[in-house]
Amino acid sequence: MPDYQAILDAIREEVRPLLGQGHVADYIPRLAEVPREKFGMAVATLDGRVYRTGDAGEVFSAQSISKVYTLTLALRAVGDRLWQRVGREPSGNAFNSLVQLELENGLPRNPFINAGALVVADVVLEAYADPRATLLAEVRRRADNPGLGDDAAVAASERQNGFRNAALANFIRSFGNLRRPVDEVLDFYFFQCSLAMSCVDLARGFLFLAHGGACPWDGERVLEADQAKRINALMLTCGTYDAAGDFAYHVGMPAKSGVGGGIVGVIPNQLAVAVWSPALNAKGNSLAGSAALELFTAKTGLSIF
Ligand code: GLN
């Protein structure tokens with residue numbers, strides 16, 4: 001077994017020169033306040049060990065990483081019927097792009113771009129009596145952290161400035177692919193994006209995807225094995241937006257990123273690894289985080305390929 005602790009500590013040293021580079025997501029003003037030199041990384045293995053380095057215990061805004069959890073809830077509720085309302089192809093466009101939606105009649109390319117996540121949010125709102133409580137309970141159970149919560153200040157900050165997401169939601173509604181009121185969908189979407197999680201939470205919280213859809217410590221079935229397989233496939237092809245091809249080439253594992261600077265990756269049957277560094281590259285993925293995950297697969301020899 002690789003010496004994960006030594007590898008994480010070495011990666012932290014190697015990415016240090018990158019920590020000032022990139023830009024923070026200032027279209028959500030609250031996120032622009034986070035110090036850009038932060039760096040944390042955690043690995044959770046299926047045998048119950050957790051390795052960590054740097055700011056791995058500090059919470060940050062999960063942002064689009066939450067899309068994996070809402071997709072989990074939607075698949076559990078409606079199964080494959082979800083795919084009548086959202087596709088499974090990489091978009092090749094920015095995560096908040098409007099252009100494709102017009103040409104494709106309000107059917108978002110995949111659940112991990114904002115348009116697709118808004119449709120998934122709509123499905124979750126229709127399927128569960130108390131969607132916020134259901135989502136929070138789900139994420140807490142997955143991360144094994146009952147203290148995990150949302151950050152209302154981040155959600156409010158995004159709500160005040162979320163003009164693109166409002167445009168997307170209204171546009172999708174015009175094609176009839178949202179059922180709940182637009183404001184309700186946006187409020188839930190901003191809530192899910194504001195989940196405050198650490199690298200340790202995220203590494204633990206994605207282990208079910210490395211374990212065929214079952215929780216590794218108590219065996220609880222989160223999703224069917226084939227559904228977990230498909231979420232991993234979607235993360236590989238769409239989880240890092242229009243950088244997904246490059247990310248697969250450099251890193252070689254399914255992963256989901258967020259504009260809070262977090263990225264979580266999965267090596268099936270082995271581990272989940274989470275990294276956080278707030279400054280982003282031009283595609284909206286953590287700049288140092290992407291480099292750190294490339295170093296991780298290079299140093300451990302682990303990859304899905
Ligand atoms: N809340 C962010 C947005 O809608 C999430 C995007 C992301 O993390 N890529 O723009």
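Atoms within each ligand, like the ligands themselves, are counted from 1 in listed order. Everything numeric here is computed off the predicted structure, so don't read it as measured data.
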**Student:** Determine, for Arg76 against Glu138, whether the closest basic-nitrogen to carboxylate-oxygen distance falls under 4.0 angstrom.
**Tutor:**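 Looking at Arg76 and Glu138, the cut-off is met.
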**Student:** Any non-hydrogen side-chain atom of Leu75 less than 4.5 Å from a side-chain atom of Leu82?
**Tutor:**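 Leu75 reaches Leu82 side chain to side chain.
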**Student:** Identify whether the distance between the nearest side-chain nitrogen and carboxylate oxygen of Asp3 and Lys299 falls below 4.0 Å.
**Tutor:**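 No, Asp3 and Lys299 are not salt-bridged.
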**Student:** Measure from NZ or CZ of Lys256 to the centre of the six-membered ring of Phe112 and say whether it is under 6.0 Å with the direction within 45° of the ring axis.
**Tutor:**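 Judged by the rule, Lys256 and Phe112 form a cation-pi pair.
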**Student:** Between Arg142 and Glu220, does any NZ, NE, NH1 or NH2 come within less than 4.0 Å of an OD or OE carboxylate oxygen?
**Tutor:**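 Yes.
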**Student:** What are the distances between nitrogen or oxygen atoms of ligand 1 and protein nitrogen or oxygen atoms, counting only those under 3.5 Å?
**Tutor:**
{"from": "ligand 1", "atom 1": "1 (N)", "to": "Gln63", "atom 2": "OE1", "distance (Å)": "2.5"}
{"from": "ligand 1", "atom 1": "1 (N)", "to": "Glu158", "atom 2": "OE1", "distance (Å)": "2.9"}
{"from": "ligand 1", "atom 1": "1 (N)", "to": "Glu158", "atom 2": "OE2", "distance (Å)": "2.6"}
{"from": "ligand 1", "atom 1": "4 (O)", "to": "Asn114", "atom 2": "ND2", "distance (Å)": "2.9"}
{"from": "ligand 1", "atom 1": "4 (O)", "to": "Glu158", "atom 2": "OE2", "distance (Å)": "3.1"}
{"from": "ligand 1", "atom 1": "4 (O)", "to": "Asn165", "atom 2": "ND2", "distance (Å)": "2.8"}
{"from": "ligand 1", "atom 1": "4 (O)", "to": "Tyr189", "atom 2": "OH", "distance (Å)": "2.7"}
{"from": "ligand 1", "atom 1": "8 (O)", "to": "Ser64", "atom 2": "N", "distance (Å)": "3.0"}
{"from": "ligand 1", "atom 1": "8 (O)", "to": "Ser64", "atom 2": "OG", "distance (Å)": "2.7"}
{"from": "ligand 1", "atom 1": "8 (O)", "to": "Val259", "atom 2": "N", "distance (Å)": "2.8"}
{"from": "ligand 1", "atom 1": "9 (N)", "to": "Ser64", "atom 2": "OG", "distance (Å)": "2.9"}
{"from": "ligand 1", "atom 1": "9 (N)", "to": "Tyr241", "atom 2": "OH", "distance (Å)": "2.5"}
{"from": "ligand 1", "atom 1": "10 (O)", "to": "Tyr27", "atom 2": "OH", "distance (Å)": "2.4"}
{"from": "ligand 1", "atom 1": "10 (O)", "to": "Asn114", "atom 2": "ND2", "distance (Å)": "3.3"}

**Student:** Indicate yes or no: does Arg109 engage Glu89 in a salt bridge with an N to O separation below 4.0 Å.
**Tutor:**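 Result for this pair is no, no salt bridge flagged.
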